[in-house]
There are 2 protein chains.
Amino acid sequence: MLDERSIKVLWAVINSYINNPDPVGSRYVTRKYSLEFSPATIRNIMADLEELGFLSQPHTSAGRVPTDKGYRFYVENLMDENVCCHKGLIDSLTRRLEDLREDIYTLLDETTRTLSSHSHYLGIAVSPGPDGSTLRCIELIPYSDDRIAVILFTNEGIIKHKILKNNFSFSRNDLNRIARYLNKEFSGYTIREIRQRLLEEMARDKELCDTLISQALSLCGDVMSCYGANVFISGLTEILELPEFSDIEKIKEISRTIEDKHAVIKLIDSLANAEGVQVVIGAENTVEEMKALSIITSTYKEGDKPAGIVGIIGPTRMDYSSAISLVDVTARFLTEILDEGGQEWRRER
Amino acid sequence: MLDERSIKVLWAVINSYINNPDPVGSRYVTRKYSLEFSPATIRNIMADLEELGFLSQPHTSAGRVPTDKGYRFYVENLMDENVCCHKGLIDSLTRRLEDLREDIYTLLDETTRTLSSHSHYLGIAVSPGPDGSTLRCIELIPYSDDRIAVILFTNEGIIKHKILKNNFSFSRNDLNRIARYLNKEFSGYTIREIRQRLLEEMARDKELCDTLISQALSLCGDVMSCYGANVFISGLTEILELPEFSDIEKIKEISRTIEDKHAVIKLIDSLANAEGVQVVIGAENTVEEMKALSIITSTYKEGDKPAGIVGIIGPTRMDYSSAISLVDVTARFLTEILDEGGQEWRRER
DNA sequence: ATTAGCACTCTAAGGTAGGGAGTGCTAAAT
DNA sequence: ATTTAGCACTCCCTACCTTAGAGTGCTAAT
């Protein structure tokens, strides 16, 4: 499709632009990348590349800038794959996440911080949602006369708690019986499956009229209902340093976008089921406010099920190769951590 | 100290500047506030006020701008105290916090959102730290072969959990016994007191050699050690709209400052023990990066002990009267919520 | 096919002039 | 003695212009 010369030039332009967001001129390319052609030749090539949609000019008589299509080609064909191992990243991940193995929310929060400080873009992570999480066990604890603390453990290490007001007053024994029942029935299922079964069981138990059990089911349902995916984003400070965000309006837009976690979940969800690292460049994005940004994500897994997502959001002018491997390594790392946490449990069964 | 005329003028300047951050001129004051003097007279008064340090000029031949000292005088003497009841605020607080009574972290997070959306400044909240929180009860739950989930309930509604790796394998019965012991010993004490006692007991128990108990104590200590105050800040989007933050550098500074939660805690801590609403204006602040900002805080209480802090951070040109009552109302509201949550418990004892 | 040369285009930066808002001072008015 | 009108002056802000520089596209020569 493209001859070798064109590829060299395209690579040079993108490489240069990634390091420094100034339109790239023909003279600069010949000098800096010591190509064996004169600026005039490069100009011709660039004109061709522009016609093909890989480059564009901010205005006549400015240098060239890569288009989204250009970046896409770069990511798929030209990128430097063998980025050095992320020793520093692994180090900080292990160091910072050491004590957090079992508290996945804090773990993900720290992960986004690590991602953003290493990439200098936004770090993002989505916790396992109800569909993927497997219930490990439920505990019911008397909290006060008319309140019960319900605590949910999942394999992914998410602990969800809620305190429920209750009309009946349960003894500790009652609660233990209920918990035993719930655990027997539901542990090992995903939250989504449990929700489904709850609906059925509750319909059935209406007739059985076993107060304790039906109470238990309703308790369980209450907690489940507040179970959703959580989004973590950090690194605003990092991207404020980038020249493309020196404009207040853009910052406002980004800030609004990332404060609206629902929008982010929607955005990210479409990538949840893909294998490996996903790259969405600029206008490939379906969300209007993100058309100037690129997103790199990967899923981390619990066992062999995709659990949640980690990634990086940055300008389209992104250091793709390093960002991609950063995300890749991080996702693997999280998968590993979750595995350690889950192993004994799976062995046990 | 100031005659009535001067006060009127000072009030007018500050009032005008709060609504619109342009230096206030003499002509504008006479027009807008229909004072019974000519611009020339106002000019003389303003010159006096400047000499006294209440006003300043950005440059010769610009209008006047209030100084920190001016704001201070305004807050203490001139402010419109009887701001209308914050019906809207109370409404959204009740609506948004209804289901969160017992999960204080989510509660505080939502509180900052409500504060920032009502004030259009930054909303801030600090959760009860170890010193103030009273332990309600401890639960120990087997998590896997060699791990135990420790769950801490406090009166303030904070639930802290941690999963601990353990060398011994405890049966459920063991854990229940340990939990009973711990509850008997420690519930009703503040976290700080417990930490203190733990140290003593552990020293003593070395000789007693009751493995179970000393294990229990060490478990308890482990969880306590991760018990610190949490800071919540939100509303960056709000203050991006303010004209004083149209400069990227200022935004960077603020963003850095609020991302550094330790600094914020340090800053806020000095206000923790004061009664009622605290107002810190601009350079009165001890933290360098905050010298252009004002902070309004109040403590919410659990029972009669101050538990944590809520507040607003904004530009010195802040709508103090509404911000102050906003913070006041919110703090009272939180206190009330915590009271409801705690009442039964205290009654029980 | 490539390159040197050249005219042309567009931006970014710096400099200048004019308008406008506001002041301080002085002298007149109350 | 206080207040006010009048006026000269100061300073900022904006718009406008100019210039330098970087880069292009085209043409003609290699």
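Computation of the quantities below employed the complete heavy-atom set of this structure, encompassing side-chain atoms and omitting hydrogens, waters and symmetry-equivalent molecules. In what follows, chains carry the letters A, B, and so on, assigned in the order in which the sequence lines appear, proteins first and then strands, with residues in each chain numbered from 1.
- Rounded to a whole Å, the CG atom of A/Asn44 is 10 Å from the P atom of C/dT3.
- No hydrogens or angles were tested; on distance alone, a donor-acceptor pair under 3.5 Å links the side chain of B/Arg43 to the base of C/dG24.
- Relative ring orientation between A/Tyr320 and A/Tyr71 is described as tilted, the plane-to-plane angle lying within the 30° to 60° band.
- For the pair B/Glu284 and B/Lys69, the salt-bridge criterion is not met [side-chain N within less than 4.0 Å of a carboxylate O].
- For A/Asp48 and D/dT24, the CG to C1' distance is 14 Å, given to the nearest whole Å.
- OP1 and OP2 of C/dG24 both lie 4.0 Å or more from every side-chain N or O belonging to B/Thr60.
- Judged by a 6.0 Å distance limit and a 45° cone about the ring axis, A/Lys250 is not positioned over the six-membered ring of A/Phe245.
- Across the protein-nucleic acid pair, A/Leu55 atom CG and D/dT24 atom C1' stand 14 Å apart, rounded to whole Å.
- Rounding to the nearest 0.5 angstrom, the gap separating the CD1 atom in A/Ile295 from the OG1 atom in A/Thr316 is 12.0 Å.
- The side chain of B/Gln57 sits closest to C/dG24 out of D/dT24, C/dT3, C/dG24.
- Each of B/Arg5 and A/Val24 lies near DNA chain D, and the nucleotide nearest B/Arg5 is the one positioned closer to the 5' end.
- Note on B/Tyr28: nothing from the nucleic acid sits closer than 4.0 angstrom, heavy atoms only.
- Dashed line: the shortest gap from a side-chain N or O of B/Arg64 to OP1 or OP2 of C/dG24 is under 4.0 Å.
- In this structure, A/His59 atom NE2 and D/dG23 atom C1' are separated by 9 Å, rounded to whole Å.
- Rounded to whole Å, the distance from CG on A/Asn20 to P on D/dA22 is 14 Å.
- Under 4.0 Å is where a charged nitrogen must lie from a carboxylate oxygen, and between A/Arg256 and A/Glu289 no such pair does.
- Side-chain proximity of A/Ser26 to the nucleotides D/dT4, D/dT24, C/dA4 is greatest for D/dT24.
- Taking atom CG of A/Asp22 as the reference point, atom C1' of C/dT11 lies 12 Å away to the nearest angstrom.
- A/Ser61 contributes a side-chain N or O that forms a donor-acceptor pair with the base of C/dT9 under 3.5 Å.
- For the helix from C/dA1-D/dT30 to C/dT30-D/dA1, the terminal axes (five pairs an end, C1' atoms, rotation from four pairs onto the next four) enclose an angle of 20°, given to 10 degrees.
- We find that CG of B/Leu35 is positioned 14 Å from C1' of D/dT3, with the value rounded to whole Å.
- Each of B/Thr41 and A/Ala47 was matched to the nucleotide of DNA chain D holding its nearest heavy atom; the match closer to the 5' end belongs to B/Thr41.
- Taking atom CE of residue A/Met46 and atom P of nucleotide D/dA22, one finds them 16 Å apart after rounding to whole Å.
- Here B/Lys252 pairs with B/Glu249 in a salt bridge; the nearest charged N to carboxylate O distance falls below 4.0 Å.
- A/Arg113 has a carboxylate O that lies under 4.0 Å from a charged side-chain N of A/Asp109, or vice versa, which qualifies the two as a salt bridge.
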